[in-house]
Every structure is written in C-alpha cells, then in structure tokens.
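Because the structure is a prediction, the values reported are computed rather than measured. Read the numbers this way: they start at 1 and go in the same order the structure lists the ligands and their atoms.
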Amino acid sequence: MASNFCTIPVIDLQDFPAQSSKLVHVCQEWGCFRLVNHQNILSDSLMSEMKSVVKSLFDLPPEIKLRNTDVIAGSGYMAPSQINPLYETFGLYISSQQDVDVLCSRLNSSPYQRETLIKYAKAVHELFVEISGKLADGLGISGFTMEEWPFEFRINKYHFAEETVGSSGVQIHTDSSFLTILQDDEVVGGLEVMDMSGAFIPVDPWPSTLVVNLGDVGRAWSNGRLCTVTHRVQCKEASLRYSIASFLLGPKGTVEPPEELVDATHPRLFSPFNFEDYRKLRYSTKLRAGEALDLLLIDSSKNYPGEK
Ligand SMILES: O=C(O)CCC(=O)C(=O)O
Ligand SMILES: [Fe+2]
C-alpha cells in the first residue's frame, strides 16, 4: 500500500529560525513530527537511563504500583484492562518537583531512580519550552509562556506476544494535552498515526529521536489552526515494548486562544474550558479521539480547513 511508504515529517531543533514555517505547516497538516538534534537538552544517555528506570518501575510488585493513584482523571497506574489488554501504564502528574518526591516516596524509589526522573522531567520541560516557544513565534504570537503549565509522564509497557500479533496495543485516540513528547521504543514498532487522508501510517523506531504530537488543547488553544493527531499502537511483533510519553497539559486556568489567533475571519471556535474539567469530560463520555472537544465548539458548523 502506498501509504506504508509515507513517513511523518522531521523537524531539526538546531535549524531554527530556518524551519519555523515548516514547523507551523506540519502542525497544521499532520499534528506530529519526528524531532531530531535535541541532544543538547535531552541527551541519549539520559534517554537510556530513563528507559531503564521505567522498566524497573514496571517490575515493582502490583500493590506498590497501585499506590500511584490518580491526581487528575486517568493520571495514575493502570493495569492491563478489558479495553487495552496488552497495555500497562503508569502516569506521573507533575505540577512541581514536590510531586516527583511524593511519588518516589510512595514507590520506595532509590535515589538513582528519583534523580533520573527529576533530570528527565527538567530536560523534557526545557524541550517543551523550546518547541512551544518556536511554535508560538511561527504563529506570530508575542509574550507566550507555558513555564507554569503542569505536565504529566505516562510510561507505557506493551505485553506483546506471539499470539497477540495483529491485535491492538492501545486504542485509537488523540492526546488531551497541548503537546506530547514521546520517546518511543528504540527497537519495537507499533505506533501508527493517521494522515490527512485518514489512513494509518506506521511510525517506525528511530533511536536518538523523539516523536512530538499535538493534542486537543493544542487545537483549542490555536483556535483550530493546528490539528490534533489521531494515533494508536498495534502489536506487530512478539516483544515487550516500552515508551515514555510526556504531556505538556495546558494552563492552570482556562484554555483560550491568544488574541492574535482570533479575528473576524477566525472567530473563537471553542468555549473557554479548564483542562482538568476537560479530562473528566473525556473520561466520562469515553470520547478519546478528540470528539470531546467538539462538544465545546461554539458553533459546530464552523471548522477550519486543516481540521480532520
Ligand atoms: O507507545 C506509544 O508509542 C504511544 C503512546 C501513546 O500514544 C500515549 O501514551 O498517549
Ligand atoms: Fe497518545
């Protein structure tokens, strides 16, 4: 199939401002890209140290993993379930360094595990600042800052086996976040993103790079200018798969577009909302592929080109 030869666009973090308009364009057309050359902020060694810490967290006894309870809807530990039987996930909600400390104490983490989580959280936060700052610049928005926005890690383990090849690893969804930075498995594939024609295309492993996704908050914040990428994970081989998703969630107050993105030709699309309420809405309606955001459309007959 022709779509299998397709691949997501690549953004080089060291090639700005030259790639500024490309960044905006791929966020309008795809809502996702591969980020390369981010090592000055998130190094290969920190990525692999974090991966080994993640593996050790999954090896904890179930009763300890269950101590990681929800801080916001869906942010805690989730064992494999009926809907995603191959998928085990561990959320870590972070609005301050204290949250990491509290969680590490609950999990009896070693000083090395704690230190690695803190270093990784700092690096990812810096990457969020870089990427979202460049995106805001590209959109002509002045004075944008997300320094205080909370974020969340979700570390994922996929129990892939011979007999599960061909079945779903994680259901079709969009991320609820503004922006997601995904450290996918360096060896085991399975992630697929929906392209503009509605076809799923594989995102094959590419070590030392990251996948960046735009989520529902990104679409709402940009007043519909940027699109959310729909994605899923499929079991393609009999191998455990690990990934680390870091979500920059949204402002602590209301999600609203900057004034530069609202004008007569682009009237406000969504009612202002609070991120945590939106998460609850997604969970209560079970609308996980961006449809929950449509419930907040001010006039559902208006949707801009570039929207899927
Ligand atoms: O494991 C992956 O590659 C993707 C995970 C994902 O989509 C998520 O955690 O939201
Ligand atoms: Fe996702």
Side-chain angles (χ1 to χ4, degrees), residues 7-8 27 30-35 47 50-51 54-55 57-58 68 70 72-81 83-94 120 124 128 151-160 164 167-195 200-219 227-237 239-250 275 278-279 282-283 286-293 308:
T7 170
I8 59 172
C27 291
W30 284 84
C32 80
F33 54 89
R34 268 278 173 201
L35 184 73
M47 282 168 74
M50 180 68 175
K51 207 35 110 45
V54 160
K55 289 180 182 169
L57 291 177
F58 282 112
N68 178 23
D70 280 2
I72 61 169
S75 77
Y77 173 73
M78 260 179 277
S81 62
I83 185 147
N84 289 312
L86 310 179
Y87 176 63
E88 184 180 2
T89 181
F90 221 104
L92 307 168
Y93 178 80
I94 302 177
Y120 193 89
V124 160
F128 281 140
F151 66 105
E152 182 187 349
F153 285 138
R154 189 168 314 129
I155 60 182
N156 305 310
K157 178 175 183 179
Y158 299 86
H159 297 260
F160 290 164
T164 63
S167 54
S168 164
V170 82
Q171 67 194 120
I172 295 175
H173 69 282
T174 60
D175 295 339
S176 57
S177 51
F178 176 73
L179 204 68
T180 304
I181 294 178
L182 178 76
Q183 182 180 333
D184 52 336
D185 198 286
E186 348 13 76
V187 184
V188 186
L191 175 63
E192 295 183 342
V193 301
M194 196 186 271
D195 70 10
F200 276 106
I201 64 159
V203 179
D204 292 329
W206 182 357
S208 301
T209 71
L210 298 162
V211 178
V212 178
N213 286 343
L214 281 171
D216 295 352
V217 170
R219 178 175 161 225
C227 78
T228 310
V229 68
T230 303
H231 54 287
R232 67 180 179 188
V233 176
Q234 292 291 101
C235 172
K236 298 196 169 160
E237 56 187 288
S239 237
L240 291 177
R241 178 177 188 273
Y242 294 90
S243 67
I244 306 165
S246 307
F247 305 100
L248 174 64
L249 300 177
F275 178 76
Y278 179 64
R279 271 280 276 258
R282 269 179 60 122
Y283 276 82
K286 297 193 170 57
L287 296 172
R288 304 278 173 81
E291 313 90 332
L293 196 57
K308 283 189 208 133

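- Scanning both residues, Ser167 and Leu86, for their nearest heavy atoms gives OG-CD1, 3.7 Å.
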Quick one: table the atom pairs, ligand 1 N or O against protein N or O, below 3.5 Å, distance rounded to 0.1 Å.
residue: ligand 1; atom: 1 (O); partner: Tyr158; partner atom: OH; Å: 2.6
residue: ligand 1; atom: 1 (O); partner: Arg241; partner atom: NH1; Å: 2.9
residue: ligand 1; atom: 1 (O); partner: Ser243; partner atom: OG; Å: 2.6
residue: ligand 1; atom: 3 (O); partner: Arg241; partner atom: NH1; Å: 3.2
residue: ligand 1; atom: 3 (O); partner: Arg241; partner atom: NH2; Å: 2.9
residue: ligand 1; atom: 7 (O); partner: His173; partner atom: NE2; Å: 3.1
residue: ligand 1; atom: 7 (O); partner: His231; partner atom: NE2; Å: 3.1
residue: ligand 1; atom: 9 (O); partner: Asn156; partner atom: ND2; Å: 3.1
residue: ligand 1; atom: 10 (O); partner: His173; partner atom: NE2; Å: 3.2
residue: ligand 1; atom: 10 (O); partner: Asp175; partner atom: OD1; Å: 3.1

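- The only option from Thr174, Asp175, Thr180 that meets the side chain to side chain donor-acceptor pair (under 3.5 Å) definition with Asn213 turns out to be Asp175.
- Applying side-chain contact (heavy atoms from CB on, under 4.5 Å) to Tyr158 and the options Val188, Leu240, Val170 leaves one that passes, Val170.
- Between Phe90 and Tyr77, the ring center distance clears the sub-6.0 Å criterion.
- Using modelled atom types, one side-chain atom of Asn84 and one backbone atom of Gln171 make a donor-acceptor pair closer than 3.5 Å.
- The aromatic rings of Phe153 and Phe151 sit perpendicular to each other, their planes meeting at more than 60°, with 30° as the lower class boundary.
- Excluding waters, the set of protein N/O/S atoms under 2.8 Å from the Fe ion (ligand 2) reads His173 NE2, Asp175 OD1, His231 NE2.
- The one candidate from Asp184, Asp185, Asn156 that meets the side chain to side chain donor-acceptor pair (under 3.5 Å) condition with Ser243 is Asn156.
- Residues Arg282 and Ser176 bring no donor and acceptor atom of their side chains to less than 3.5 Å of each other.
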- Message: Between Lys236 and Asp204, is the salt bridge (charged side-chain N to carboxylate O under 4.0 Å, His left out) condition met? List the steps.
- Response: CA-CA 11 Å; Lys236 298 196 169 160; Asp204 292 329; 5.8 Å; no
